[in-house]
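Okay, structure first, notes after.
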Amino acid sequence: MDKLVIEGGKTLEGAARVHGAKNAVLPILAATVLNSGENIIHGCPDLKDVRSSINILRHLGCSVHRDGDTLTVNSAGAANCEIQEELMHEMRSSVIFLGAILARFGRAVTSLPGGCELGPRPIDLHLKAFRQMGIAIEEEHGYIKCHCDKITPAAIHLDFPSVGATENIMLAASLAEGTTVITNAAKEPEIVDLQDYLNCMGAKIDGAGTSVIQIDGVKRLGSAEHTVIPDRIVAATYLSCGAAAGGTIELTNVIPAHMEAVLSVAEQYGAKLYVSQDRIVQVAPQRLSPVKMIRTQPHPGFPTDAQSPLMAALTLARGTSIFVENIFESRYKHVYELCRMGADITVDGRLAVVRGVGALSGANVCAMDLRGGAALVVAGLAAQGRTTISDVYHIDRGYENLEDTLRGIGAVIKRE
Ligand code: UD1
């Protein structure tokens, strides 16, 4: 299995281009099932979760072709409405296909989703919303069987602004007869991108990016072409790399407006930021200032996915930073590995107290999940000596060409 080997302590200097957002591509790929036609999607990173989605689309009967970062999906031939257990277990986000398959076929069978390394990740909000939309659901032997004669529009209040549930409702409601309204909807930029994609197909959706989304169902959806938004979590990770290792980095293909909470924290740790429409330049301070309190929250709050890379950087701050993880349980698995590298972190439930140390030392560590693995890269870049990270497949789920990008800004990193 692949390992990443980093010789730490090299200052980072230069420009890095951020690829398209994984979490925007996945629901858009699910949306391609809806139109029985052609979908051209630019800016799709070649990542494991994207490949898993392509496998699901092919299994459903769609043709999928990749040319560079452009995926062309033709869903005219889709005929299957069952997703096999193996495909479903490859990634949790496969549950997002339910809404689209139901809208097109009125029937969907899947196993319960996999990819649950962040603690329990229930889909009760998705299923409750589907039931409100007149969909009958049977859960047995680890399978979910859904069917309906037609999807009934509904007023759906989400008890928590779940990203996946919001997306699933949008997909299911886009072909319903009538108007569905979601209140307490998730406001993430990836939801806005899904709305833009669906509207490009001819859907009538309004309000994404706010907590109320209105979906006026249409009879059919047509072909569409779209470029996905840049990955704000990848951008946040590179900012943490630059903060930890020091130096000046320039990120291109970013939307700073999607990253306000992350940029606010960067200012608090003492970075100088030069921000334009699609670029961010970060000049790291000699030593980072601690950040009093970082609470992960639904957007526009600080994103849970950026928590661990930031924590890795703040292990080196001049003082104590406090994290409160409000979105997922079990999202501190990187802490033990960071401590092996010399970090001083104490965890109590949702709270992590990070006391800054003068230096980290390279060690053999193991990526426990996607963003926790990225945190080890951040730490390895700043540490003295060599860090070897195993179970890199976790990191590969979210970062395309990570080593090449980091080498391009002066890191000494290779894959073995
Ligand atoms: C998405 C992102 C993930 C990110 C997360 C929060 C994708 C592919 N993944 O995941 O990277 O970390 O948003 O920003 O876009 N919950 C329930 N019941 C449900 C659904 C969710 O209790 O039916 C809980 C979850 O357990 C979790 C919280 O709500 O504690 C947030 O989950 P959700 O917003 O749904 O995240 P995902 O869509 O899974």
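Order of listing sets the numbers, starting from 1, for every ligand and every atom in it.
- Here E82 pairs with R107 in a salt bridge; the nearest charged N to carboxylate O distance falls below 4.0 Å.
- Summarising the local packing, CD of Q277 is surrounded by 12 or fewer heavy atoms from other residues, nucleotides or ligands at distances under 6.0 Å.
- Between E400 and K22 there is no salt bridge, since no side-chain nitrogen of the basic residue lies less than 4.0 Å from a carboxylate oxygen of the acidic one.
- Within the structure, ligand 1 lacks E190 among the residues with a heavy atom less than 4.0 angstrom away.
- Taking 4.0 Å as the cut-off between side-chain N and carboxylate O, R279 and E250 count as a salt-bridged pair.
- A salt bridge links D396 with R415: at least one charged nitrogen is closer than 4.0 Å to a carboxylate oxygen.
- Of the candidates S162, P27, S94, P122, it is P122 that places a heavy atom closest to atom 17 (C) of ligand 1.
- Closest to atom 30 (O) of ligand 1 by heavy atom, among I327, I123, L127, is I327.
- For D305, every heavy-atom contact with ligand 1 shorter than 4.0 Å involves the side chain, none the backbone.
- Atoms of ligand 1 found under 4.0 Å from any heavy atom of V163 (numbered from 1 in listed order, with element): 1 (C), 13 (O), 33 (P), 34 (O), 35 (O), 38 (O).
- The distance from ligand 1 to the heavy atoms of F160 drops below 4.0 Å at these ligand atoms: 28 (C), 29 (O), 31 (C).
- Contacts between L125 and ligand 1 below 4.0 angstrom, taking non-hydrogen atoms only, involve backbone and side chain alike.
- Counting heavy atoms closer than 4.0 Å to ligand 1, residue R331 contributes side-chain atoms (C-beta onward) but none from N, CA, C or O.
- In terms of polar-atom proximity, G164 is counted as a contact of ligand 1, with an N or O under 3.5 Å from an N or O of the ligand.
- For ligand 1, the polar-atom distance check against D124 finds a nitrogen or oxygen pair separated by under 3.5 Å.
- Classification of E329 and R331 as a salt-bridged pair fails, no side-chain N sitting under 4.0 Å from a carboxylate O.
- Of all non-hydrogen atoms in V254 and V18, the two that sit nearest each other are CG1-CG2, 3.7 Å.
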